[in-house]
Each structure stands twice: as C-alpha cells, then as structure tokens.
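Basis for what follows: all heavy atoms, side chains included, without hydrogens, waters or symmetry-related copies. A note on names: the letters A, B, ... follow the listed sequences, proteins ahead of strands, and every chain is numbered from 1.
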Amino acid sequence: MKYSVRKLYKEYSDLDQKQITLFGWVRNNRAQKEFGFINLNDGTFFETIQVVYESEFLNNFKDVQKFRVGSAIKVEGILLCTPDRKQPFEIKARYVELIGDSQEDYPIQPKRHTREFLRENAHLRPRTNLFSAVFRVRSVLTHAVHTFFQERDFVNLAAPLITASDAEGAGETFKVTTLDLDKPSRTEEGEVDYNKDFFQKKTNLTVSGQLEAEAWAMAFRDVYTFGPTFRAENSNTTTHASEFWMIEPEIAFADLKDDMQLAEDMVKYIIKYVMDRCPEEMAFFNKFVQKGLLDKLNSVVSSAFEIKTHKEAIEILLESNQKFENLPKHGEDLATEHEKFLVKHFDGPVFITDWPKDIKAFYMRLNDDNETVAAMDLLVPGSGELIGGSQREERLDLLEKRMDEMNVPKEDLWWYLDLRKYGGCKHAGFGLGFDRMLMYLTGVENIRDVIPFPRTPRNCEF
RNA sequence: GCCUAAUUAGCUCAGUUGGUUAGAGCACAUGACUGUUAAUCAUGGGGUCCUAGGUUCGAGUCCUAGAUUGGGCGCCA
C-alpha cells in the first residue's frame with residue numbers, strides 16, 4: 001500500500017512487519033559494504049524515515065549505494081518498529097528504484113547553509129528542514145486566520161488588487177498601465193494622457209483593502225480581507241517587502257476597545273492553532289532558531305496584552321533614563337528604538353493607543369481632546385509593528401474637514417463618503433501583517449525567509 | 001535613500017609585514033568498512049581570489065570607482 005511519511009508516523013505501531021510502498025526524496029545516504037541507510041522525506045511531514053537497504057535483498061544494491069542527496073526514489077519494503085533505536089521505526093527495503101536523479105552539483109547538502117545562500121536558491125530551499133518548517137507553518141497559519149473569522153461569522157471579501165486611489169498615505173505605489181512607456185499618449189499640454197490608458201485613469205496596485213472593507217462592513221457588519229498588498233517604497237530592512245500579505249478585519253457597531261479585543265483574540269487564537277497542529281516544526285524553531293520561543297508564545301497566549309496611550313508611552317520613555325538617538329517627544333512618532341524599548345519593558349506585546357492626529361491617516365476617528373485619534377498599534381518583540389488599526393471617523397463633517405486639512409481629494413473617494421451618508425455607524429478595524437506574524441511565530445528574523453519567493457527592492461528573481 | 005561591513009573551490013571559511021606552486025572542512029569522484037543517523041577512514045579532481053582601473057620589481061593582501069550581499073537607520077504592515 002502507498003503511504004505518506006506523515007501517515008506512517010501516525011500509524012506505524014499498527015503496521016509492524018507490514019509491506020509498505022513509499023515515494024520521496026533522499027535527504028541523506030550512508031552506504032557501507034553490505035548495507036546502507038537512506039533518510040527519506042516526502043514533504044508531508046517534518047521528520048524523515050530511515051530506509052535500510054541490504055545487498056542480499058536488492059539486485060541493484062551497487063546503484064542504490066550511489067543515489068545522491070536530492071534524488072527522487074520509490075521504496076517498497078517491510079515496516080519494522082524499532083523502539084530501542086534512535087527512530088521509532090524504519091523500512092527494510094525489498095525494492096528501491098531511482099525515479100529522478102539529482103546531479104552531482106546539487107547545491108543543498110546535508111549541512112548548515114547560510115540564509116543568504118538559500119535565498120539565492122529559493123526554488124530549492126523548501127527542501128531544507130528550516131524552510132520546510134516555515135512554509136508548512138505558513139500554510140497552517142493561513143488556515144488559522146480563515147478559521148478564526150469564519151467561526152465568528154465574519155464575511156470574507158477579496159478587495160481589488162488594482163485601484164485608482166493612492167490617497168491613503170500608506171506609501172509609494174506600483175503604477176499599473178498599458179500605455180507605451182517609451183511613447184505614452186500625451187495631452188495637448190504635453191502631460192501623459194491617462195484618458196488613453198486601459199482604465200481611462202491613473203491606476204496602481206493596492207496598498208490596502210481597508211476602504212473597500214469598510215463598504216462591506218456597512219452591509220455585513222463583520223468582515224475581513226486576506227490578500228496581497230504592494231508597496232513600492234525603497235525600504236531595505238528585515239521587516240519590509242514590496243509584496244506582502246495583510247489581514248484586514250473591519251467591524252461595524254464597534255469602537256477601538258472592541259477592535260483591540262478582536263486583535264488580541266485573533267493573535268492568541270492563531271498562535272494556539274499553529275502550536276497545536278505543528279508541534280514538530282515549533283519544537284525545531286524553539287531548538288534551532290530562537291531559544292525560548294515556545295515559552296514566549298505560551299505566555300502571550302495566556303496573559304492579557306498591555307494597553308498604553310501614546311502619551312503614557314512617551315512618559316515611560318522619558319522616565320527610563322535610557323540614552324536614545326532620537327529623543328522621545330509628546331506629539332511625535334515613536335522611533336524603532338523606542339518600540340524596541342517598550343516591548344522589552346513590558347516583556348511582551350503592547351498596544352499603543354490614542355496617537356497624535358497629525359502623524360496618522362485621515363480616516364481615523366478624532367478623540368474628544370481634538371488632539372489625538374482613536375488609533376492603536378500592536379508592538380511585538382522581533383517583528384516591530386505587527387498590527388495597526390483604528391476606529392474610523394464616521395461623522396461626515398469631521399471626515400471631510402480632515403480630508404481638506406490633509407489634502408486628500410474628496411472627489412476620488414465619493415463612495416467612501418457615501419458610507420457616512422447612508423446608515424453610517426461607529427466602526428473600527430485593523431491591518432495585521434501576515435508575514436510579520438509568521439516571523440513572530442517562528443522566530444525567523446528576516447521577512448525574506450518567510451515569503452516563498454520574496455520581492456524586495458532590486459530583487460524579483462524566480 | 002543614508003551609515004557600516006563583507007565578497008577567496010559547489011557550500012562554510014582561513015590566508016601573517018606586499019614575496020615560491022593560494023589552503024582546510026563539507027560536497028563530488030574512486031576505494032575501504034556488518035547498524036549508520038550531519039557516519040567514519042584513505043586517495044583524487046576542483047580557483048577569472050566580485051568587476052574595472054591604479055600603485056609596485058612583485059597584489060588575494062595597498063589605493064580609486066562600480067556591482068552584489070549582510071546588518072543598522074529612515075518610511076511602514
């Protein structure tokens with residue numbers, strides 16, 4: 001019978017002495033004179049299976065001895081439980097066939113490689129322990145997100161990836177056009193004539209699905225988007241990519257407190273979901289990537305997140321007697337060094353709320369003090385700002401005033417203003433950086449190592 | 001974008017004050033080995049020392065410029 005490695009690890013105790021057929025790739029081959037050992041992995045499970053092959057049972061023994069790392073093979077043999085050995089069971093081969101040879105220059109060896117080298121071999125790196133674990137967890141984490149929201153009756157919407165609004169101040173955009181870049185159509189004044197472009201207007205890849213999600217929230221109450229977003233900023237850091245995934249829930253009849261509760265519930269839920277389903281992978285991260293990872297995650301799941309206002313945070317920084325490159329100041333943004341100090345100070349995730357209005361987006365709801373907005377950032381160790389969210393300004397007059405002050409063109413966002421005219425209500429939402437969440441979960445320190453084929457400035461290989 | 005460091009065999013690295021034919025481990029090839037598990041042991045092949053200039057009798061080593069990569073910062077999720 002044909003088995004997967006995962007299935008064998010689940011059922012091996014019932015299969016002692018049974019005939020098994022397996023397909024997979026050679027992770028390691030240790031040949032001796034009359035016998036040898038192959039570690040076989042088929043991608044379904046983190047662990048490998050040890051295949052024992054002996055000359056007396058194989059007519060191609062000499063060939064099998066030379067099967068190189070990376071080769072695809074078929075194995076038929078007898079499963080043998082081996083409670084006294086390093087592995088709980090192994091396969092005594094009766095037939096081993098080479099399906100796909102791996103050439104002599106196969107770059108992935110049974111040894112440690114640097115992350116940089118493996119990034120350059122992004123097509124081969126999922127075959128290594130680390131990346132196999134990272135990307136299985138990524139897959140499970142995707143499911144965790146959907147399960148969390150679906151269990152709470154949230155409606156998912158696919159926000160458009162091509163939009164005409166870049167008015168959100170969320171950063172530089174990638175232009176989308178079918179105009180001939182060498183000779184674009186021009187107006188009589190010599191300007192590029194976007195009337196001749198595909199959509200008859202300037203368009204770009206989305207930087208956020210939030211505005212569309214707000215429209216859906218005004219119809220379905222609780223909604224979420226989960227998809228890719230694009231930023232053309234020349235950011236060269238371990239936490240930025242040009243193409244990344246965001247989760248953006250939006251909830252109606254809700255305020256900032258409800259928003260933070262949702263964020264906290266979600267973070268705890270998806271951490272627990274992954275820890276329950278990927279114990280081998282999480283144990284590997286805990287041992288080889290970040291010591292103490294499991295303790296950290298367990299304490300996040302079981303304790304309440306800190307909540308501090310921006311004002312309180314600045315005061316903590318000022319009173320810390322810490323030497324900062326950038327002096328903390330009321331009314332100003334937090335620098336990375338400030339964020340790092342705060343998460344260390346609280347030894348875990350911390351919400352910073354009620355930010356000065358001038359450093360935040362136009363759609364955030366103005367507080368009664370007229371100085372701050374009902375915004376929140378969730379800071380976590382290692383991944384920086386994991387979540388950014390706010391209660392939205394639902395009062396039409398205040399929203400329009402803010403748009404004027406910040407030079408946001410109202411005519412482009414007529415439909416967004418409509419949402420305040422027809423049954424508007426208190427509502428809130430946030431954006432969670434999915435890739436950063438994965439960094440936090442795995443302890444991997446570079447966002448390029450949690451995205452299958454990462455896109456960053458000057459890098460679009462694969 | 002700014003600052004900083006690095007670039008030597010397929011991979012990870014060493015290379016003294018500028019001086020003979022640039023080394024090691026792993027990988028690969030050949031062989032040895034009756035339970036290995038990043039197996040071990042022996043032998044062998046493998047180099048545009050990132051690129052282009054320059055200094056020098058002589059450059060992997062010093063100088064200039066560029067490329068790429070890592071880290072830090074900025075912008076943000």
Side-chain angles (χ1 to χ4, degrees), chain A residues 27-40 47-56 62 65-66 68-70 80 82 84-87 90 92 102-121 124 128-129 168-172 207-210 228-248 263 288 324-326 333-340 359-361 377-380 383-389 430-440 445-449 451 456-459 461:
Chain A
R27 278 285 179 86
N28 201 350
N29 184 4
R30 298 177 297 277
Q32 296 182 55
K33 193 179 185 182
E34 302 294 337
F35 56 87
F37 305 92
I38 286 175
N39 288 124
L40 190 76
E47 304 288 346
T48 59
I49 286 182
Q50 173 152 286
V51 175
V52 186
Y53 58 93
E54 294 146 293
S55 62
E56 58 177 307
K62 286 271 173 223
Q65 280 183 308
K66 297 199 185 314
R68 278 180 293 263
V69 174
L80 193 69
T82 51
D84 299 330
R85 293 245 167 83
K86 235 178 159 177
Q87 49 281 323
E90 56 191 25
K92 293 274 197 185
S102 177
Q103 296 184 15
E104 286 171 26
D105 56 357
Y106 182 56
I108 309 295
Q109 300 158 22
K111 64 168 241 177
R112 254 189 106 255
H113 293 287
T114 57
R115 307 274 169 89
E116 292 79 24
F117 173 72
L118 291 168
R119 259 171 233 156
E120 289 169 9
N121 291 281
L124 301 175
T128 64
N129 278 335
E168 296 148 47
E172 286 295 307
V207 293
S208 164
Q210 179 200 317
T229 43
F230 307 88
R231 305 272 168 97
E233 254 140 53
N234 189 12
S235 291
N236 298 288
T237 78
T238 53
T239 50
H240 290 82
S242 310
E243 177 180 326
F244 63 99
W245 281 58
M246 272 210 294
I247 300 148
E248 295 182 289
F288 293 111
F324 292 112
E325 292 283 319
N326 308 281
D333 210 350
L334 297 180
T336 303
E337 56 177 334
H338 303 148
E339 293 179 358
K340 283 179 178 169
I359 59 171
K360 287 292 183 184
D377 281 6
L378 181 69
L379 308 179
V380 300
S383 307
E385 187 190 331
L386 182 64
I387 288 176
F430 64 82
L432 179 143
F434 180 72
D435 316 275
R436 287 186 182 176
M437 184 69 220
L438 189 57
M439 292 168 70
Y440 188 60
E445 289 174 320
N446 195 313
I447 200 166
R448 296 169 180 88
D449 296 330
I451 298 176
T456 51
R458 297 179 302 280
N459 176 27
E461 194 65 44

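A straight line from CD of A:E248 to P of B:rC76 spans 16 Å, rounded to a whole angstrom. In this entry the distance linking CG of A:N234 with C1' of B:rG1 reads 6 Å, nearest Å. We find that CZ of A:R119 is positioned 10 Å from P of B:rU69, with the value rounded to whole Å. Following rounding to the nearest Å, A:I447 (CD1) and B:rG71 (P) show an atom-to-atom distance of 12 Å. The nearest whole Å value for the distance from the CZ atom in A:R30 to the P atom in B:rA32 is 20 Å. The nearest whole Å value for the distance from the NZ atom in A:K66 to the C1' atom in B:rU30 is 8 Å. Going from atom CZ of A:F430 over to atom P of B:rA77 covers 13 Å, rounded to whole Å. Atom C1' of nucleotide B:rA38 and atom CG of A:N39 are separated by 10 Å, given to the nearest angstrom.
The base of B:rG10 is paired with the side chain of A:Q109 by a donor and an acceptor separated by under 3.5 Å. Between the base of B:rG10 and the side chain of A:K111 there is no donor-acceptor pair shorter than 3.5 Å. The base of B:rG74 lies outside donor-acceptor range of the side chain of A:E325, with no N or O pair under 3.5 Å.
Considering A:E248, A:M437, A:M246 in turn, A:M437 is the only one that fulfils the side chain to side chain contact (heavy atoms under 4.5 Å, CB included) rule with A:L432.
A:E56 comes within 4.0 angstrom of no nucleic acid atom, judged by non-hydrogen atoms across all strands.
Listed by first residue number, the stems of RNA chain B with at least three Watson-Crick or G-U pairs below 3.5 Å are B:1-7 with B:67-73, B:10-13 with B:23-26, B:28-32 with B:40-44, B:50-54 with B:62-66.
Comparing B:rC73, B:rC11, B:rA77 against the side chain of A:N236 picks out B:rC73 as the nearest. Closest approach to the A:F35 side chain among B:rA77, B:rG35, B:rC33 is made by B:rG35 (side chain taken as heavy atoms from C-beta onward).
Stacking annotation: A:F244 is stacked on the base of B:rA77 (ring centroids less than 5.5 angstrom apart, interplanar angle below 30 degrees).
Counting non-hydrogen atoms of other residues, nucleotides and ligands closer than 6.0 Å to CZ of A:R112 gives a total of 12 or fewer. Within 6.0 Å of the CD atom in A:E445, the count of heavy atoms belonging to other residues, nucleotides or ligands does not exceed 12.
Checking the phosphate oxygens (OP1, OP2) of B:rG72, no side-chain nitrogen or oxygen of A:T237 falls inside 4.0 Å.
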